[in-house]
Amino acid sequence: MLIVLSMLLLAIVQLVQFAKRWTQPVVEEGAPAHLTTPFPYVEGHLSGVQVRVPANFMRGGRPYMVQYEDDSPWAPKESERPEEPRTLASPIISLTFHVRLPDIEPLTEENFKSWNFALWNRTSEKSEWIDFSYEGNTELLNDWGGEGMLNRLAVNRKYVVGRGIQFQKQEHEVYGLTMEKTYPVDETRYDPNNYHFYSRRIDSRIVTFIVCQAGKPRVPTGRFYCQHYFSMWPDALIEGNIDYPPSKLKDWESLEQQARRLLLRFVVGCSETAPACPMSRKINN
C-alpha cells in the first residue's frame, strides 16, 4: 500500500511540473551574435572587380557561400595549417548573398525568426528569403566572353533534354520575355523533358535567360524552381544567378535589378587586368 501511495504521489508531482512547463510562455532564443555580426568582411575579386561584403549578408543554407579559386570546397584539405588571409587580390569563383525580401536586408537580430523559418522551410511559399549568386574567374566566362556568356545556355540546352525534343517559340511574350517550350511533352503528367525557357536580348546578345521545369512534379508534394541567369556585361565579366518558384517569375525584372544593385553596392575597386569595371562606367540600374 505504501509503495502504491508513493508512486501516486510521484505521479502527481510530475504532473504538476509538466503543467507548469506547459503554461509558461515560450521564450524564443535570440539570434547568436556570431551570425548577425558583419565581421569579418569577405574580400576578393570577381573577374577583377574587387568586393568587400559584410558577413551577415552571407548567412544562408548553402554549405559554401563563397568559393575562392584556390580552395575548392569539394577537395580534401591537404593539411591543417591555417589558411592564408584573404585580400582584395584573392580570386573568387562564386559568391552568394542570402537576403530578405522585399528590402534586401541581411540577417539581423530583428529578422532572425524569419531567417530561421526559411532555413528549415526553403520550399515554403511563406519564405521571405532569397539567394543572389555571382560567378567570376571561370573558364566558361573567359571562353565565351562578355558578349556570349549567356548565349552558351541557349546553345547547350539541347543536352538537358532527350533526343527528338524540339524548342518551340511562343507567339506572345511572357512578362516581357521571349518564351520557348519543349515539344513534344505530356503536360498532364511528370515529364523530365518539360521545360519553359525565357530570354531577353540586346541585339544578338542574351542578357537574361530563365529555365523553369514545367508540368506536374514527380510526386504530389514536389516543387519546381526557375533558374534565372543574368549578365552584368559590359559593367563586369560576372554572371548572376537567382532561383525561385515559378510563382515569382512575374517579378524577374525587379529581382534581377536588385541583385545587380546589391553586388555593385559592395564594389570597392578594380584590378588593372579586369576585363570591365563598373566604377569606370555610368551604370544604368
Revision key, fill the gap. So CD1 of I238 and NE2 of H45: to nearest 0.5 Å the spacing works out to 10.5 Å
Review point. For H98 and F57, what are the C-alpha separation, side-chain angles and deciding distance, and is it a side-chain contact (heavy atoms from CB on, under 4.5 Å)?
Key: CA-CA 6 Å; H98 189 62; F57 273 89; over 6 Å; no
Check your understanding: Is R152 reaching over with its side chain to a backbone N or O of M149, donor-acceptor style, under 3.5 angstrom?
Key -> yes
Review point. Has R223 got more than 12 heavy atoms of other residues, nucleotides or ligands less than 6.0 Å from its CZ?
Key: yes
Review point. Judged by atom type as modelled, is there a donor-acceptor pair below 3.5 Å linking the side chain of W115 to the main-chain atoms of W129?
Key: no
Check your understanding: Sequence neighbours excluded, which residues qualify as salt bridge (Lys or Arg N to Asp or Glu O under 4.0 Å) partners of E135?
Key -> none
Practice item. I would like to know whether T108 and N111 meet side chain to side chain donor-acceptor pair (under 3.5 Å); could you show each step before the answer? Key: CA-CA 5 Å; T108 63; N111 62 33; 3.2 Å; yes
Point to revise | Close side-chain approach of V53 to M58, heavy-atom, < 4.5 Å | key: yes
Review point. Nearest 0.5 Å, what's the CD1-OG1 distance between I165 and T182?
Key: 6.0 Å
Check your understanding: Donor-acceptor pair, S90 side chain versus T87 backbone, under 3.5 Å?
Key -> yes
Give every donor-acceptor pair under 3.5 Å between a side-chain atom in residues 265-278 and any protein atom, sequence neighbours left out.
unit_1	atom_1	unit_2	atom_2	d
S271	OG	T273	OG1	3.4
S271	OG	A274	N	3.4

Exercise for review: Tell me, please, which residues at least two apart from E105 pass salt bridge (Lys or Arg N to Asp or Glu O under 4.0 Å).
Suggested key: R100
Check your understanding: Under 6.0 Å from the six-membered ring centre of F230 and within 45° of its axis: does the NZ or CZ of R260 meet both?
Key -> no
Study note, to complete from the structure: Note: L262 and F97 closest approach over all heavy atoms is CD2-CD1, 3.1 Å
Review point. Is there a path from I130 to F224 through hydrophobic residues (I, L, V, M, F, W, Y) whose side chains come within less than 4.5 Å of each other?
Key: no
Practice item. List in chain and number order the residues that pass salt bridge (Lys or Arg N to Asp or Glu O under 4.0 Å) with R52, two or more places apart in sequence or in another chain; answer none if no residue qualifies. Key: E43
Check your understanding: Which pairs pass side-chain hydrogen bond (donor to acceptor under 3.5 Å, both in side chains) with one or both residues in residues 164-175, sequence neighbours excluded?
Key -> none
Point to revise | Partner set under ring-ring contact (aromatic ring centres under 6.0 Å, His included) for Y244, not counting sequence neighbours | key: H228
Review point. Which pairs pass disulfide (SG to SG under 2.5 Å) with one or both residues in residues 190-265, sequence neighbours excluded?
Key: C212-C226
Review point. Does the side chain of S254 pick up a donor-acceptor pair with the side chain of D251 at under 3.5 Å?
Key: no
Study note, to complete from the structure: Heavy atoms of A55 and T37 approach each other most closely as CB-O, 3.9 Å
Check your understanding: With the 4.5 Å side-chain cut-off for hydrophobic clustering, are I242 and Y229 part of the same group?
Key -> no
Practice item. For the pair N137 (side chain) and S47 (backbone), establish whether a donor and an acceptor sit closer than 3.5 Å, ignoring hydrogens and angles. Key: yes
Practice item. Check the side chains of W252 and T208 for a donor-acceptor pair under 3.5 angstrom, ignoring hydrogens and angles. Key: no
Exercise for review: To the nearest 0.5 Å, tell me how far L141 CG sits from W233 CH2.
Suggested key: 10.5 Å
Check your understanding: Do you know which two heavy atoms are closest between N56 and T36, and how far apart they sit?
Key -> ND2-O, 3.4 Å
Check your understanding: With sequence neighbours left out, what residues match F167 under ring-ring contact (aromatic ring centres under 6.0 Å, His included)?
Key -> F197
Review point. Excluding sequence neighbours, so at least two apart, what forms ring-ring contact (aromatic ring centres under 6.0 Å, His included) with Y195?
Key: none
Review point. Is a side-chain donor-acceptor pair under 3.5 Å present for E187 with N194?
Key: yes
Review point. Do I93 and L237 share a hydrophobic cluster (ILVMFWY, side-chain heavy atoms under 4.5 Å, transitive)?
Key: no
**Study point:** Residues in ring-ring contact (aromatic ring centres under 6.0 Å, His included) contact with Y41, at least two apart in sequence or another chain
**Key:** F39
Practice item. Say whether, by atom type as modelled, one donor and one acceptor occur between the side chain of N151 and the main chain of S204 under 3.5 angstrom. Key: yes
Exercise for review: Report the C-alpha distance between Y225 and K248 in whole Å, list the side-chain angles of each, state the deciding distance to 0.1 Å, and finish with yes or no for side-chain contact (heavy atoms from CB on, under 4.5 Å).
Suggested key: CA-CA 10 Å; Y225 273 81; K248 279 188 166 55; over 6 Å; no
Point to revise | salt bridge (Lys or Arg N to Asp or Glu O under 4.0 Å) partners of R189, counting only residues at least two apart | key: D186
Check your understanding: Passes side chain to side chain donor-acceptor pair (under 3.5 Å), S231 versus E239? Steps please.
Key -> CA-CA 5 Å; S231 167; E239 180 179 304; over 6 Å; no
Review point. Between E256 and V207, which heavy-atom pair has the shortest distance, and what is it?
Key: OE2-O, 4.4 Å
Review point. Is it true that W144 and M232 fall in one hydrophobic cluster, defined by side-chain heavy atoms closer than 4.5 Å?
Key: no
Practice item. Quick one: do L263 and V49 satisfy side-chain contact (heavy atoms from CB on, under 4.5 Å)? Show the steps, please. Key: CA-CA 10 Å; L263 181 65; V49 178; over 6 Å; no
Review point. Measuring from Q67:CD to T96:OG1, what's the distance to the nearest 0.5 Å?
Key: 10.0 Å
Check your understanding: Where is the tightest heavy-atom contact between Q213 and D191, given as atom of each residue plus distance?
Key -> NE2-O, 4.3 Å
Revision key, fill the gap. When rounded to the nearest 0.5 Å, the distance separating CG of L264 from CE of M279 is 10.0 Å
Exercise for review: Report whether F117 and L107 are members of the same hydrophobic cluster (ILVMFWY, side-chain heavy atoms less than 4.5 Å apart, transitive linking).
Suggested key: no
Review point. Counting only heavy atoms not in K250, do more than 12 fall under 6.0 Å of its NZ?
Key: yes
Check your understanding: Do any pairs count as a side-chain hydrogen bond (donor to acceptor under 3.5 Å, both in side chains) and have a residue in residues 155-165, sequence neighbours left out, and if so which ones?
Key -> R157-E180
Review point. Between CG of N241 and CG of D243, what distance do you get to the nearest 0.5 Å?
Key: 6.5 Å
Point to revise | Step-by-step side-chain contact (heavy atoms from CB on, under 4.5 Å) determination, Y183 to V185 | key: CA-CA 5 Å; Y183 175 86; V185 294; 6.0 Å; no
